[in-house]
Amino acid sequence: MNHLLSIEELDRAAIERIVDRAERFAEVADREIKKVPTLRGRMVLNLFYESSTRTRSSFELAAKRLSADVVNFSAGGSSVEKGESLKDTVLTLSAHKPDVIVIRTPWVGAAELVSRWCSAAIVNAGDGKHEHPTQALLDVYTLRRRIGSLDGLSVWIVGDVTHSRVARSNIIALRKMGAKVTVAGPPTLIPRQIEALGCEVRYTLDDLHTADVVYALRMQNERMTEAWVPSLREYAAWYQVNGRRLRPRQLLMHPGPVNRGVELSGEVVDSPQSLISAQVEAGVVVRMAVLYELLSGARGETPSPLHPTRSPQPA
Ligand code: NCD
């Protein structure tokens, strides 16, 4: 694997390989010294043109736990504010010779473009409403840890699917792992032809009780150029996942940040059915596994990340 630009690039075996490796890295998080020397001397550049709490902090922590050097760049406060383009910013920062660039931008396809401009391995940490592959990997990891195999599992993804890169990457990843995916929301927030990704579409939550897992999405107001729903109050009345709609046997997921009182009620966020904190925790080990995969190369063998038998080679 040279880059991670889209979850489409990974087949089921590759997803399983990354998730398996993340499981082995989970042991590091339980140690008193939460660090292994695996990527010592390597450099990870976090390039964030959009706000982020979970993704950015977990990439940083993942790189540090593998002993890599980390440079964090955010567009705010940089020369981007003085008009520097994405290309010039990437070329400038490439002078520091990063081994991996983790990039988040509001532009569809930006990660792919960056992969053509420099020699570093690129990880797409979100490109507009297109893809967010590491979120999908950490969601697969979270579900697998909680319930084992995803084969035959029914997952409902509820909310603003149109503007959600998480929805796209998750539909693709969950289908590859054998789950049955249904997307549900108001017609304005379900993109046309989404069924082509292999999911079913519903415009009401009448059959939500059939789901094993309910995956709620945030209303992506920052990507909306017009009013897509009459009001958040009306949206909540029809589509909020709350104690009345969530059955006790169902698991609840959300990529964060949650807008309490809109897509989820506070009671379900704080309920034992919620996997939201487990998803955040999974973010670190899954991103460790992705960095490892990119810098150590997947060549079939699976050396223990805790006792590496050889130095990582460039991908
Ligand atoms: C998501 C994102 O930025 O795509 N958050 C995340 O990475 N955990 C979802 C969102 O912003 O709603």
Side-chain angles (χ1 to χ4, degrees), residues 4-7 22 46-63 72 74-76 102-112 122-143 155-174 183-186 189-191 194 213-224 228-229 232 235-236 239-241 252-264 268-269 274-288 290-291:
L4 179 55
L5 304 175
S6 154
I7 200 76
N46 283 327
L47 198 55
F48 277 66
Y49 280 74
E50 268 190 352
S51 52
S52 170
T53 302
R54 282 147 283 265
T55 306
R56 185 174 153 157
S57 61
S58 60
F59 265 113
E60 180 173 353
L61 204 52
N72 287 314
S74 44
V102 177
I103 180 163
R104 166 172 287 190
T105 73
W107 309 299
V108 171
E112 206 265 327
I122 308 300
V123 181
N124 181 5
D127 60 334
K129 55 186 183 179
H130 178 223
E131 277 240 30
H132 191 354
T134 58
Q135 179 71 43
L137 289 170
L138 74 88
D139 289 330
V140 168
Y141 171 94
T142 304
L143 279 173
V155 182
W156 276 51
I157 299 179
V158 179
D160 179 3
V161 177
T162 293
H163 301 98
S164 175
R165 52 196 176 204
V166 173
R168 281 186 59 79
S169 291
N170 265 281
I171 295 167
I172 299 167
L174 291 167
V183 297
L189 295 180
I190 305 288
I194 189 84
V213 177
V214 177
Y215 195 112
L217 299 171
R218 182 176 67 87
M219 292 287 265
Q220 309 265 311
N221 294 308
E222 72 275 24
R223 297 192 212 292
M224 297 188 190
W228 293 69
V229 289
L232 287 182
Y235 174 83
Y239 297 102
Q240 183 185 83
V241 177
L252 175 69
M253 299 177 84
H254 189 296
V258 172
N259 284 318
R260 284 180 187 241
V262 182
E263 68 269 11
L264 293 178
V268 298
V269 175
S274 164
L275 296 180
I276 298 171
S277 313
Q279 288 171 270
V280 177
E281 234 178 274
V284 178
V285 287
V286 167
R287 287 168 178 133
M288 284 171 83
V290 167
L291 293 175

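Order of listing sets the numbers, starting from 1, for every ligand and every atom in it. In this text, all values refer to a predicted model and were calculated from it rather than measured experimentally.
For Arg104, the salt bridge (charged side-chain N to carboxylate O under 4.0 Å, His left out) criterion is met by no residue, not counting sequence neighbours.
Using modelled atom types, one side-chain atom of Ser57 and one backbone atom of Arg54 make a donor-acceptor pair closer than 3.5 Å. No donor-acceptor distance shorter than 3.5 angstrom exists from the side chain of Gln279 to the backbone of Asp139, with no hydrogens or angles considered. Within the 3.5 Å criterion, the main-chain N or O of Ala111 finds no donor-acceptor partner in the side chain of Asp127.
For the side-chain hydrogen bond (donor to acceptor under 3.5 Å, both in side chains) with Glu60, the lone residue among Asn72, Asn46, Thr55 that qualifies is Asn72.
Within a 6.0 Å radius of CD in Glu281, no more than 12 heavy atoms belonging to other residues, nucleotides or ligands are found.
Each of Thr55, Arg104, His132, Gln135, Arg165, Val166, Arg218, Gln220, Pro255, Gly256, Pro257 has a non-hydrogen atom positioned under 4.0 Å from some atom of ligand 1.
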